[in-house]
2 protein chains.
Amino acid sequence: MKVTPMQQSLISHFGEMGSRWGLNRTLGQMYALIVLTEAPLNADQISDALLISRSNVSMGLKELKSWNLIRLHHIPGDRKEYFSAPQDIWEIARTLIIERRKRELDPTLTTFRNALLEKPSNSADEYTQQRVQDMHDLMEMVTIWSTELQNMSSEKLSTLLKLGSGISKIIDAKEKFLKK
Amino acid sequence: MKVTPMQQSLISHFGEMGSRWGLNRTLGQMYALIVLTEAPLNADQISDALLISRSNVSMGLKELKSWNLIRLHHIPGDRKEYFSAPQDIWEIARTLIIERRKRELDPTLTTFRNALLEKPSNSADEYTQQRVQDMHDLMEMVTIWSTELQNMSSEKLSTLLKLGSGISKIIDAKEKFLKK
DNA sequence: TACACTTTTCAGCAATTTCTGAAAATTAAA
DNA sequence: TTTAATTTTCAGAAATTGCTGAAAAGTGTA
């Protein structure tokens, strides 16, 4: 399993960025390799290409599975497991949104709700609850959005994103419409 | 500087989540404390409240400054520096979007563009470039969106988010309109 | 069932990140 | 200026995270 120079530079970059994401270097590299290679890969090929141990690949694949980012294939006459990324880049994006929400937002929303259920016993807690309420409301809306995106087809998601700078105008139009 | 139990549990949670974000535990705790406390705080108070060294607070504040997440105050007759978070939670959200884009998206977009400028010398690179192109297009749209959000007032941002599940209908309406 | 092949687990080592105390630098009042 | 208060820097210690090889577990074929 050899990697072209072009692929190598992309893999390295994903490795460096991996840590800025919730992933780590190796996971970033592994996913870059899988995404950029047309044919599904087995664990030994990944281990080869990235010069990391077979067991590390196994753990990485486990993590990628838990993120729902890879698909499993079987090749007739070969007992090894082969992995690929979804063809549709929008599907990958959608998965990332869902999984990051699960990990980054949901637990916090729960903590906020618990804090809001308590009775403030002094003015410091009153202020605290007020701020928690604000953060809660914002996060809840983001969650609703992400659920919405989750159920959107790639086509619709694409349309929405292409709206880009048009979005402001749409809001204006809506405001106007409602006021009339 | 004492922290109420309610504040303490929120601070701990932010600490744990801090690592899932690009921050780290201490940074998460520091920002929770600053956000949840009404009066601006000085470094010694933060050090006290969170039981971390003064120098660690100094480094944390430096980081929070670089993220544009805190405001500096001076109290007459006091030489210490006091820090607070913006009152408007939407402003904080906007800042986070901008800063995360800078750190998580922009460098990758540059790498993608460089890869697309190269001439593919074999079919593996052809496939690679095709996938990079897809990812590039998607990321560019996300970037445009985030620029849009960056320039939106808190009110407008709020309206947009409240749109929530209405967004699908708006897209449908727009599609229909364009086709007629 | 026995077997060869493949994947997973995990204890311990390695690398990285985070934190601290001491010292240096900065700041502003006297 | 000098001095005292405050903030910042940074080398090394501590803690955390990541990686490996060896062994265990799992899987399908004969």
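In the text below, chain A, chain B and the rest are named by the order of the sequence lines, each starting its count at 1.
Across all non-hydrogen atoms, the minimal contact from A:Ile97 to A:Ser146 is CG2-CB, 3.8 Å.
In this structure, B:Asp48 CG and B:Arg54 CZ are separated by 11.0 Å, a value rounded to the nearest 0.5 Å. Once rounded to the nearest 0.5 Å, the distance linking NZ of A:Lys156 with OG1 of A:Thr159 reads 8.5 Å. From B:Trp90, atom CH2 reaches atom CG of A:Asp137 across 8.5 Å, with rounding to the nearest 0.5 Å.
Grouping Ile, Leu, Val, Met, Phe, Trp and Tyr by side-chain contacts under 4.5 Å, direct or through others, puts A:Tyr82 with A:Ile75.
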In a table with atom names and distances, give each donor-acceptor pair under 3.5 Å that connects a side chain of residues 10-23 of chain B to protein atoms at least two apart or in another chain.
from	atom 1	to	atom 2	distance (Å)
B:Ser12	OG	B:Gln8	O	3.0
B:Ser12	OG	B:Gln8	NE2	3.2
B:His13	ND1	A:Thr111	OG1	3.0
B:His13	NE2	A:Thr108	OG1	2.9
B:Ser19	OG	B:Glu16	O	3.4
B:Arg20	NH1	A:Arg103	O	3.0

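A distance-only check finds no donor-acceptor pair linking the side chain of A:Thr37 to the backbone of A:Ile34 [under 3.5 Å]. The backbone N or O of B:Thr128 lies less than 3.5 Å from no partner atom in the side chain of B:Asp125, so there is not a single donor-acceptor pair.
Between A:Lys102 and A:Glu99, at least one side-chain nitrogen of the basic residue sits less than 4.0 Å from a carboxylate oxygen of the acidic one, meeting the salt-bridge criterion.
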Open item on the list: Return a single string for nucleotides 13-20 of chain C, one symbol per nucleotide in 5' to 3' order, where B is base contact, S is sugar-phosphate-only contact and - is none, cutoff 4.0 angstrom on heavy atoms.
Closed with: -----SBB
Open item on the list: Across nucleotides 23-30 of chain C, 5' to 3', mark each nucleotide with B, S or - according to how protein heavy atoms within less than 4.0 Å reach it.
Closed with: ----BS--
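Side-chain contact check for A:Gln130 and A:Asp134: no donor-acceptor pair (N or O, by modelled atom type) lies under 3.5 Å.
Straight-line distance from the NE2 atom of A:His73 to the C1' atom of C:dT7: 18 Å, rounded to whole Å. As a whole-Å value, the separation of A:Ile75 CD1 from C:dT6 C1' is 15 Å.
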Task: side-chain contact (heavy atoms from CB on, under 4.5 Å) between B:Arg113 and B:Glu140, intermediate numbers included - done: CA-CA 11 Å; B:Arg113 289 193 178 121; B:Glu140 194 165 55; 2.7 Å; yes
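Neither OP1 nor OP2 of C:dT7 sits under 4.0 Å from any side-chain N or O of A:Lys65.
First and last contacting nucleotides of DNA chain D toward chain B (any atom under 4.0 angstrom from a heavy atom, 5' to 3' order): D:dA4 to D:dT9.
The environment of NZ in B:Lys62 is sparse: at most 12 heavy-atom neighbours from other residues, nucleotides or ligands sit within 6.0 Å.
Axis angle, first five pairs versus last five pairs of the helix from C:dT1-D:dA30 to C:dA30-D:dT1: 30°, rounded to 10°.
Transitive grouping of hydrophobic side chains (ILVMFWY, heavy atoms separated by less than 4.5 Å) brings B:Leu105 and B:Leu149 into a common cluster.
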